[in-house]
J.: 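The structure that follows is given in the form of structure tokens.
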Number of protein chains: 4
Amino acid sequence: MLSASSSKYDMIMKASVSLFTERGFDATTIPMIAERAHVGTGTIYRYFDSKETLVNVLFQESIQRFMEKLKQDFSELSVREGFHHVFCCLIQFTKESDYALFFLETKKDAHYLNATSRKMIENLTQMLDDYFNKGKAEGVIRSLPSNVLIAIVLGAFLKIYQLVQTGDIEMDMDLRTELEQCCWDAIKLHSFTSQK
Amino acid sequence: MLSASSSKYDMIMKASVSLFTERGFDATTIPMIAERAHVGTGTIYRYFDSKETLVNVLFQESIQRFMEKLKQDFSELSVREGFHHVFCCLIQFTKESDYALFFLETKKDAHYLNATSRKMIENLTQMLDDYFNKGKAEGVIRSLPSNVLIAIVLGAFLKIYQLVQTGDIEMDMDLRTELEQCCWDAIKLHSFTSQK
Amino acid sequence: MLSASSSKYDMIMKASVSLFTERGFDATTIPMIAERAHVGTGTIYRYFDSKETLVNVLFQESIQRFMEKLKQDFSELSVREGFHHVFCCLIQFTKESDYALFFLETKKDAHYLNATSRKMIENLTQMLDDYFNKGKAEGVIRSLPSNVLIAIVLGAFLKIYQLVQTGDIEMDMDLRTELEQCCWDAIKLHSFTSQK
Amino acid sequence: MLSASSSKYDMIMKASVSLFTERGFDATTIPMIAERAHVGTGTIYRYFDSKETLVNVLFQESIQRFMEKLKQDFSELSVREGFHHVFCCLIQFTKESDYALFFLETKKDAHYLNATSRKMIENLTQMLDDYFNKGKAEGVIRSLPSNVLIAIVLGAFLKIYQLVQTGDIEMDMDLRTELEQCCWDAIKLHSFTSQK
DNA sequence: GATGAATGAGATTTCATTCAT
DNA sequence: GATGAATGAAATCTCATTCAT
């Protein structure tokens, strides 16, 4: 029973995140989720108070998982290693589930996010802000506002992963490495090179 | 008469694009558009057959305008100059209207886009593909698939401009220049430099 | 000006009756009438207070014209001659305009008819009632309630004329004569004949 | 569950047919149907895709039922017996439900009928055409086109039953018999009688 | 007088949510 | 607990009517 229930919960979460990623929150209906999760529509309301609750739980869980992954050994790394770590987290997390894509796509002022979800975005932003500040202090990363640096890396990553999801490109080890370098090049301080 | 009509049309377009950008297509209702455009709901249907027609006209007009801006003297420029041109088009276009933001946010498989809109995405993609191929042939740009290169630049730009829109950052001349350099660094071939 | 106005009035009446006959009152829109009448929608409201007024004027005019035609020399005729007269009025009136068809199709409890229109239906019914009562008194017509006799003749005529209107049959002199005989046979008293 | 569902379906069908008969398709709104059927408006859309689907299902079911009733032993009867059978079907069917009245009132070119519905009208017409052709071949029925003969009988019947529905007349056994004779007299060949 | 763009009340339709089974 | 039929509030869309030109 517990396992059956928990399985239904997971199925609903899985179905929801994939549909929200594909179609967005507002274009996804409860019957669509129910069908993809192979449960009745009523069942969804046994686990979630409302569609809005569902999306917030989903969002919070996804950002939570991402932050936990990110936190592991993060502070002990050098700036460049830290960047590699962030990139790996993004890649790995996106591989595991659509969660990463879902929260990258969600704008922080999305009408369906509640206060808790917004708070968690701030938390994640803070973590990344700390990291970028360290990089900037060390003269390794461009002295741009952290939210801009985050926007560059996550924005690029998001758009690329949309291509993966639509089947336009395949993400292999080589591409992965090169993309990481692209993103790094975007934000790192190219101090001694004459730039053109 | 003509001017009044065209003004109503413009007001509807303006209201629609801002709401679609803020909330997305599905979370935007016709009464919301009508209110922001200061017209009656019925008036919207004098100009557009349906909400779906409206979003497609909007999308096609925005991509059309962007492509026309982009095309001007594009082929005569060097690769780096070409990139500057693209970046200026993005910035300038976004300044003029919310159009740029709206079409950058629209995924090419969005459920509301019709065949014509999809065709126009292909056309724009083709233009940029040609540009990137030239850059790659000249050994100036990384040899990544064009859609990936596009994703990096537009993805980063989109996320940054969302910050501008929410008031988190101000876009001044210095930032503009630096961002262009960031995006260029992301895709250019850093041939002789030892990279870290 | 007067002639132009009166012509517009006629055009609206003509367009309305044909559309009401083809599609019914509720499925006919004011723009449809305006288009067929080659006038602006607003013009219709210069001649008629509302769509409902229009249909009632139309109805009353059509039943009025029919009754006037019917009254001419009606009382001086024999029962059989009277029937011929009624039938001729129907045929002739339908030939001239769609008016006959329109009022035959209108049920007396139609939601759009006003008190005046209903009163006029009663008047026509009364006229025909008098005629049928004479026929019944003379033993020439079946002793059925007049409204039933009217229903038989007009019901049959209406359905036949719908065939004419859709182009399924052509109304020529021979058919006309035979149909009159059919209808007469339906209501006349077949006294001495052994019926089978 | 099944019985409850089927009951709701039936209630919607019953409410619809009575309203369509009273007011016509276009003057009947979904809320009106919902109210008379004692269901929510949304419920109607669980059973029917659209108002148009509803009216076509209704029409097809009504004509289907009528044809099945009509077919029973129809071919084995003499022409006069066949006519009696047709008339009995009409009377009986109208007694049972408003279905008969509804399809008699529906013109074959009604804007809401779909291809299937039109095909079924053709099928019924064909059946009656066969019957009338037999009658004509045997010299029992007037040599008029079958659609004209059908129009006479159904047209008369329809108008009479509208009187029954509005409460103007009561349909008893005597009236029934006499009306059948009226209609038969309208179409039969009065060969040897001198007609006046 | 004539027009048709503009309007909003009211139509059709959708869908988040409830609740009897 | 699980279901999906039922619901009605709110969405999209239509159209009779008005009114500035």
Side-chain angles (χ1 to χ4, degrees), chain A residues 1-2 4-5 8-9 12 26-35 38-54, chain B residues 1-2 4-9 12 26-34 37-54, chain C residues 1-2 4-5 8-9 12 26-35 38-54, chain D residues 1-2 4-9 12 26-34 37-54:
Chain A
M1 202 132 310
L2 190 67
S5 296
K8 287 208 187 279
Y9 179 92
I12 293 165
D26 295 287
T28 300
T29 69
I30 295 289
M32 277 179 199
I33 297 171
E35 193 189 19
H38 301 292
V39 300
T41 57
T43 307
I44 292 171
Y45 287 86
R46 295 204 65 74
Y47 294 99
F48 305 96
D49 279 352
S50 67
K51 193 185 167 190
E52 212 177 282
T53 303
L54 166 56
Chain B
M1 222 152 291
L2 188 66
S5 295
S6 117
S7 148
K8 295 249 177 219
Y9 179 91
I12 293 165
D26 296 288
T28 300
T29 69
I30 296 291
M32 279 177 197
I33 297 171
H38 302 291
V39 299
T41 57
T43 306
I44 292 170
Y45 289 89
R46 285 198 62 73
Y47 293 98
F48 305 96
D49 278 352
S50 66
K51 193 186 164 190
E52 211 178 284
T53 302
L54 166 55
Chain C
M1 202 137 305
L2 188 67
S5 295
K8 286 207 187 280
Y9 180 91
I12 293 164
D26 295 288
T28 300
T29 68
I30 295 289
M32 278 178 198
I33 296 171
E35 193 190 19
H38 301 291
V39 300
T41 56
T43 307
I44 292 172
Y45 287 86
R46 295 206 65 75
Y47 294 99
F48 304 96
D49 279 351
S50 67
K51 193 185 167 192
E52 213 177 281
T53 302
L54 166 57
Chain D
M1 222 152 289
L2 188 67
S5 295
S6 118
S7 148
K8 294 249 178 219
Y9 180 91
I12 293 165
D26 295 288
T28 300
T29 69
I30 295 291
M32 280 178 196
I33 296 171
H38 301 290
V39 300
T41 58
T43 306
I44 291 170
Y45 288 89
R46 285 199 62 74
Y47 293 99
F48 304 96
D49 279 353
S50 66
K51 192 184 165 191
E52 211 177 285
T53 302
L54 168 55

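Just so it is clear, the structure is predicted and the values come from calculations on it, not from any experiment. First the proteins, then the strands, lettered A, B, ... as listed; each starts at 1.
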J.: Does E:dT17 have its OP1 or OP2 closer than 4.0 Å to a side-chain nitrogen or oxygen of A:Tyr45?
T.: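 Affirmative; the distance criterion is met.
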J.: F:dT7, OP1 or OP2 - any side-chain N/O from D:Thr43 closer than 4.0 Å?
T.: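 For F:dT7, OP1/OP2 do have a side-chain N/O of D:Thr43 under 4.0 Å.
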J.: Looking only at heavy atoms, which two atoms of A:Lys51 and A:Thr28 are closest? And how far apart?
T.: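 The answer is NZ-O, 2.8 Å.
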J.: Atom CG in B:Asp26, atom OG1 in A:Thr29: separation rounded to 0.5 Å?
T.: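 Answer rounded to 0.5 Å: 11.0 Å.
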J.: Within the 4.0 Å heavy-atom criterion, would you say B:Thr28 contacts the bases, only the backbone, or no part of the nucleic acid?
T.: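 Touches sugar-phosphate only.
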J.: Rounded to the nearest angstrom, tell me the gap between atom CZ in C:Phe48 and atom P in F:dT18.
T.: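 In whole Å, F:dT18 P lies 15 Å from C:Phe48 CZ.
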J.: Nearest 0.5 Å, please: how far is OG1 in D:Thr53 from OH in D:Tyr47?
T.: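 It comes to 15.5 Å.
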J.: By nearest nucleotide on DNA chain E, pick out whichever of D:Asp26 and B:Val39 is the more 5' one.
T.: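 Looking at the nearest nucleotide for each, B:Val39 comes out on the 5' side.
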J.: When rounded to the nearest 0.5 angstrom, what is the spacing between CG in C:Leu54 and OH in C:Tyr45?
T.: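 The CG atom of C:Leu54 sits 8.5 Å away from the OH atom of C:Tyr45.
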J.: Can you tell me the distance, in whole Å, between the OH atom of B:Tyr9 and the P atom of E:dG4?
T.: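 Taking OH of B:Tyr9 and P of E:dG4, I get 21 Å after rounding.
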J.: Indicate, with a heavy-atom threshold strictly under 4.0 Å, whether A:Ile30 touches base, sugar-phosphate, or nothing.
T.: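 Answer is base: heavy atoms of A:Ile30 come under 4.0 Å of a base.
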J.: CD1/C:Ile30 to OG1/C:Thr41 distance, rounded to the nearest 0.5 angstrom?
T.: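 That separation rounds to 8.5 Å.
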J.: In this structure, how many angstroms lie between the C1' atom of F:dT14 and the NZ atom of D:Lys51, rounded?
T.: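 Nearest whole value for this atom pair: 12 Å.
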J.: Taking for each residue the nucleotide of DNA chain E with the nearest heavy atom, is it B:His38 or D:Glu52 whose nucleotide lies nearer the 5' end?
T.: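 Taking each residue's closest nucleotide, the earlier one in sequence belongs to B:His38.
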J.: Hey, which of these two, D:Ile44 or A:Gly40, hits DNA chain F nearer its 5' end, going by closest nucleotide?
T.: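 Of the two residues, A:Gly40 wins.
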J.: Looking at E:dA6, I'd like to know if its phosphate oxygens (OP1 or OP2) sit under 4.0 Å from a side-chain N or O belonging to B:Tyr47.
T.: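 Affirmative; the distance criterion is met.
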J.: Paired with E:dT21 by Watson-Crick or G-U wobble geometry, both distances under 3.5 Å: which nucleotide is it?
T.: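 F:dA2 - that is the nucleotide pairing with E:dT21, both distances being under 3.5 Å.
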J.: Can you figure out which of F:dA11, F:dT17, E:dT13 approaches the side chain of D:Ser50 most closely?
T.: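 From the listed options, E:dT13 comes nearest.
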J.: Is the phosphate of E:dG8, meaning OP1 or OP2, less than 4.0 Å from a side-chain N or O of B:Thr41?
T.: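 No.
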J.: For E:dT3, does OP1 or OP2 lie under 4.0 Å from any side-chain N or O of C:Lys8?
T.: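 For E:dT3, OP1 or OP2 has a side-chain N or O of C:Lys8 closer than 4.0 Å.
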J.: Tell me which of A:Arg46 and C:Asp49 sits closer to the 5' end of DNA chain F, going by the nucleotide each one is nearest to.
T.: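 Whichever sits nearer the 5' end wins; that is A:Arg46.
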J.: Write down the distance between CD1 (D:Ile33) and C1' (E:dA11), rounded to a whole number of angstrom.
T.: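 Whole-Å distance recorded here is 12 Å.
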